[in-house]
Each structure stands twice: as C-alpha cells, then as structure tokens.
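Just so it is clear, the values below take in all heavy atoms, side chains as well, and ignore hydrogens, waters and symmetry mates.
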Amino acid sequence: MGLRIRIPSRTRSIAVSVVLLHCPFFLNAQQGRETHSTVMVDLPETPQPQSSAPQSNSALPQTEPPSEQHPVPTGTGTPPAPTPPSPGNSGSQDPTAQTPAEKSQREKAEEQLKEQERQRVAGVMATFNTTRNWDAVPLTAGQKFRLFFKSATDPWPFFLTGVVAGIGQAEDSYSEWGQGMQGYAKRYGAAYSDYFIGNFFGNAVLPSVLHEDPRFFQKGTGRVATRALWAAASTVWCRRDNGSWGPNYANVAGNLIGAAIARVYYPPSERTVGDTINDGLTISVEGVVGAEVIEFWPDIARHYKRKHDEKLARQAAQSVAQKTPQSGTDPAPMPGSAKPHE
C-alpha cells in the first residue's frame, strides 16, 4: 500500500516511526462492521406414513386370507422420503461449487476492480489499490494477486523507478556500483526489485494468508486533520475480509521482508540487521506520503478546476461586453459624411 521504492538517504526526511504507533487510536470512530440479518424459515414437518399392519399377528385366524400389506421397517424410526435429484446433479455435491450468492459477490468484486483499474492521480500515478466505496466487496486471493500484477506492470512504477535511480546516480549513492550506464542499471534494477518484492508480499501473499484487504479506503470527507490521520494510519491499519478493522500486519511485514531480501543485491556495506529494519520502516513511512496524495488529490483537482472555470467565465463575460455596443448612444458619424451647406 503506497510507495515502496526506497529513496536514497540524502533526499529523504524520515519522520521516525511515531506515525506508525499513534495513528490507530484515532480510527475507532471510523470503524463500522457490516451487520447481516438471518432469515429463519419454518419448514413443514414431514408427514408420518400410516401403517396398515394389525396390532397383533397372533390374534388373526389361520384360515383368514392375508390382506395386502406393505412391509413395515423393523427399525425404531421412519426413514425420510428420498429426495429426487435435481436436474444435472448426479447426487454427489461438488465441494468446489459456488452458491449463487458467492458467484454474485465475486462478479460484484470484479466490477469494482475494473473501476479501480482506471483510477489515476493527474492522469499519471496509478492508484489501483484505492477505493472510495466503503461497502466494497472483499477480494478473493486470486483477485488480490491480479491487482498486484496490474499495479506492478503499469508504466507508472517504471517511470518512478527511473526517477529514483537518477537521483541515486546524481548523488553517487552506493558508490560501489559506480557511474555510467552500468551504475544506473544497477540502481534501476535495485529500486524496481524493492517495489516488486515489497508489493508481492505486502499486497498479495500476506493479505491472502492473513485475510486482509490490501486496498486503501479513501475517506474523502471530513476535517482535514481527521483525513490526514486516516491516510497516515492506513500504513498500519486496514480492513479485513470479514469487514472488521485491525493492524495492517501484511503491509509492515511485507516491507520488512522486501528489505531483508534486498540485502542480497545491495552492496555488502548495506547488509546489516539495522539497515534491514531501517529500510523496512522507512518504506512504510514513505507509504504515508502516497496515501496523503491519494486522499487529498480529488480536493486539489476540484479546487483548480473551479478556479479554471471561473477564469473562463470571466473571460467570456469580458468578450461579450466588448462585442456588445452600449445602449442609448448613437454611433459616431463617419468623417466626410456631413452634408454641405447650400
């Protein structure tokens, strides 16, 4: 969730992990569980079959012809009437078959995913892991992986990786990699690997295992301070598949796992435990920046659109005023049009 590309140390200002610890206390008022009503249907009792057997077989005369009787089971209970198999059903239920409610829920989630996959900030920054719908249907494990691959293969992370690699090249970060195209390629590959591995574990694998929703639920309304805290807390607080809210273990653990794996391709001087924890927490804090941009970007866009529309309206009014002649005044006579005196 958010940015997972590690920015070189000289360009980042780390707001230490205070943000990671204090934000959940402001969220209790925002949580709401979905309640489901259960409808109880009283089924009619199964009619008891009538037995035509006599009360005592020994009381019957031996010479009396036996009457037609249906055999009565000797068991203590009456077996239920067999239920005819439904059309197309062989009698054995497929354990992987989905009920109509589950199918409709999956289809609804697919529609919501398609809508999310068109979301961008300024038409450039992909925000596929964001939703404005607080009643969004939980994603299946397959949908979480698909959302991850859609985000990881979008042009936006490749562009952002190039910018980060260029900054690192200019600052000569990780001087062991050198300069030139070879140094830039190493920085580019490391930055994109950070992004891919962190998102793979934080937005796909761990959310599927822990049943957490990898999306950022945009608040969109309320006071600025409340919305800012909500966006910042999304790094450590998330919605679960059952509709409740809790710690975002997948995001934080995914960042730490990505930082640990990154020790393999970073220079030996960066392979300490302290560097691993520092990088993992730093990426989590940097995710706050992305969440804040996503939360307030619609307000920024509406503000500039309103200003632009007001400017166009003023220009249109001025243009109309210049073209319309003033009422009550005669046009000035053309030179030489006056009649000569006789």
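When side chains are defined from C-beta on, Thr235 does not count as touching Val285, because their heavy atoms never get closer than 4.5 Å. Within the 4.5 Å cutoff, no side-chain heavy atoms of Arg215 are placed close to those of Phe128. Side-chain contact check for Phe145 versus Val205: some heavy-atom pair is nearer than 4.5 Å.
Between Cys238 atom SG and Leu210 atom CG the span is 9.0 Å, to the nearest 0.5 Å. Going from atom CD of Gln218 over to atom CZ of Phe296 covers 9.5 Å, rounded to the nearest 0.5 Å. How far CD of Gln315 is from CD of Gln318: 7.0 Å, rounded to the nearest 0.5 Å. Here the OG1-CG distance, from Thr131 to Leu113, works out to 9.0 Å after rounding to the nearest 0.5 Å. Atoms CH2 and CZ, on Trp156 and Arg120 in that order, are 10.0 Å from each other to the nearest 0.5 Å. The distance from the CD1 atom of Ile257 to the CG atom of Leu206 is 5.0 Å, given to the nearest 0.5 Å.
Between Phe217 and Trp245, the ring center distance clears the sub-6.0 Å criterion. The ring of Trp177 has its center closer than 6.0 angstrom to the ring center of Tyr266.
In this structure, Arg187 is not positioned above the aromatic face of Tyr184 in the sense of NZ or CZ being under 6.0 Å from the six-membered ring centre and within 45° of the axis.
By the salt bridge (charged side-chain N to carboxylate O under 4.0 Å, His left out) test, Arg227 is found to be paired with Glu295, Asp299, residues two or more places apart in sequence or in another chain being considered. Contacts of Leu256 classified as side chain to side chain contact (heavy atoms under 4.5 Å, CB included), with partners at least two apart in sequence or in another chain: Val252. In this view, Lys305 and Asp309 satisfy the side chain to side chain contact (heavy atoms under 4.5 Å, CB included) rule, not counting sequence neighbours. Residues forming a ring pair (Phe, Tyr, Trp, His ring centres under 6.0 Å) with Phe200 (at least two apart in sequence, or on another chain): Phe148. With sequence neighbours excluded, the residues satisfying side chain to side chain donor-acceptor pair (under 3.5 Å) with Ser151 are Asn129. Every residue two or more places apart in sequence or in another chain that forms a salt bridge (charged side-chain N to carboxylate O under 4.0 Å, His left out) with Arg240 is listed here: Glu212.
In this structure, Phe158 and Tyr192 have parallel ring planes: the angle between them is below the 30° cut-off, well short of the 60° mark.
In the displayed structure, Glu310 atom CD is contacted under 6.0 Å by more than 12 heavy atoms of other residues, nucleotides or ligands. Remark: Tyr249 OH is loosely packed, at most 12 non-hydrogen atoms of other residues, nucleotides or ligands lying under 6.0 Å away. By the neighbour-count criterion of 12 heavy atoms within 6.0 Å, atom CD of Glu115 is sparsely surrounded, having that number or fewer from other residues, nucleotides or ligands.
Under a 3.5 Å cut-off, the side chain of Ser173 and the backbone N or O of Gln169 do not form any donor-acceptor pair. Not one N or O on the side chain of Thr226 forms a donor-acceptor pair closer than 3.5 Å with the backbone of Gly222. A donor-acceptor pair is defined here as one N or O able to donate and one able to accept, closer than 3.5 Å; such a pair exists between the side chain of Ser234 and the backbone of Ala231. Under the 3.5 Å distance criterion, the side-chain polar atoms of Gln119 are matched with a main-chain donor or acceptor of Thr127. For Gln143 (side chain) and Thr140 (main-chain N/O), a donor-acceptor pair under 3.5 Å exists by modelled atom type. Here the side chain of Asn248 pairs a donor or acceptor atom with the backbone of Asn251 at under 3.5 angstrom. For the pair Glu270 (side chain) and Arg263 (backbone), a donor-acceptor distance under 3.5 Å is absent. Side-chain atoms of Asp154 do not come within 3.5 Å of backbone N or O of Lys150 as any donor-acceptor pair. A distance-only check finds no donor-acceptor pair linking the side chain of Lys144 to the backbone of Asp213 [under 3.5 Å]. The main-chain N or O of Tyr195 is found under 3.5 Å from a side-chain atom of Asn199 such that the two form a donor-acceptor pair.
Using a 4.5 Å cut-off between side-chain heavy atoms of Ile, Leu, Val, Met, Phe, Trp and Tyr, with links allowed through other members, Phe149 and Leu147 fall into different hydrophobic clusters. Under the 4.5 Å side-chain heavy-atom criterion for grouping Ile, Leu, Val, Met, Phe, Trp and Tyr, Val137 is not connected to Trp134 through any hydrophobic cluster. Follow the hydrophobic side-chain contacts under 4.5 Å out from Trp297 and you reach Val124 in the same cluster. Cluster annotation: Ile294 is connected to Tyr304 through the hydrophobic network of ILVMFWY side chains, with a link wherever side-chain heavy atoms come within less than 4.5 Å.
Closest approach of Lys114 and Arg118 over heavy atoms only: O-NH1, 3.5 Å. Nearest heavy atoms, Ala204 versus Ser208: O-OG, 2.7 Å. Between Pro207 and Gly202, the shortest heavy-atom contact is CG-O, 3.2 Å. Minimum heavy-atom separation, Thr161 to Ala191: CG2-CB, 3.7 Å. Between Ser269 and Asp275, the closest heavy-atom pair is O-OD2, 3.4 Å. Between Gly280 and Asn255 the shortest heavy-atom distance is O-CB, 3.6 Å.
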Report the C-alpha separation of Gln112 and Asn133 in whole Å, then their side-chain angles, then the decisive distance to 0.1 Å, and conclude whether the side chain to side chain contact (heavy atoms under 4.5 Å, CB included) test is met.
CA-CA 9 Å; Gln112 293 173 353; Asn133 183 10; 3.4 Å; yes

Go through Phe201 and Phe196 one step at a time and tell me if the side chain to side chain contact (heavy atoms under 4.5 Å, CB included) criterion holds.
CA-CA 9 Å; Phe201 285 98; Phe196 188 92; over 6 Å; no

I'd like to know whether Lys186 forms a side chain to side chain contact (heavy atoms under 4.5 Å, CB included) with Tyr265, so could you lay out the CA-CA distance, the side-chain angles of the two residues, the decisive distance to 0.1 Å, and finally the verdict.
CA-CA 9 Å; Lys186 291 180 179 180; Tyr265 49 82; over 6 Å; no

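Looking at Asn242 and Ser244, their side chains do bring a donor and an acceptor atom within 3.5 Å of each other.
Between Glu110 and Arg146 there is a salt bridge, with a side-chain nitrogen of the basic residue lying less than 4.0 Å from a carboxylate oxygen of the acidic one.
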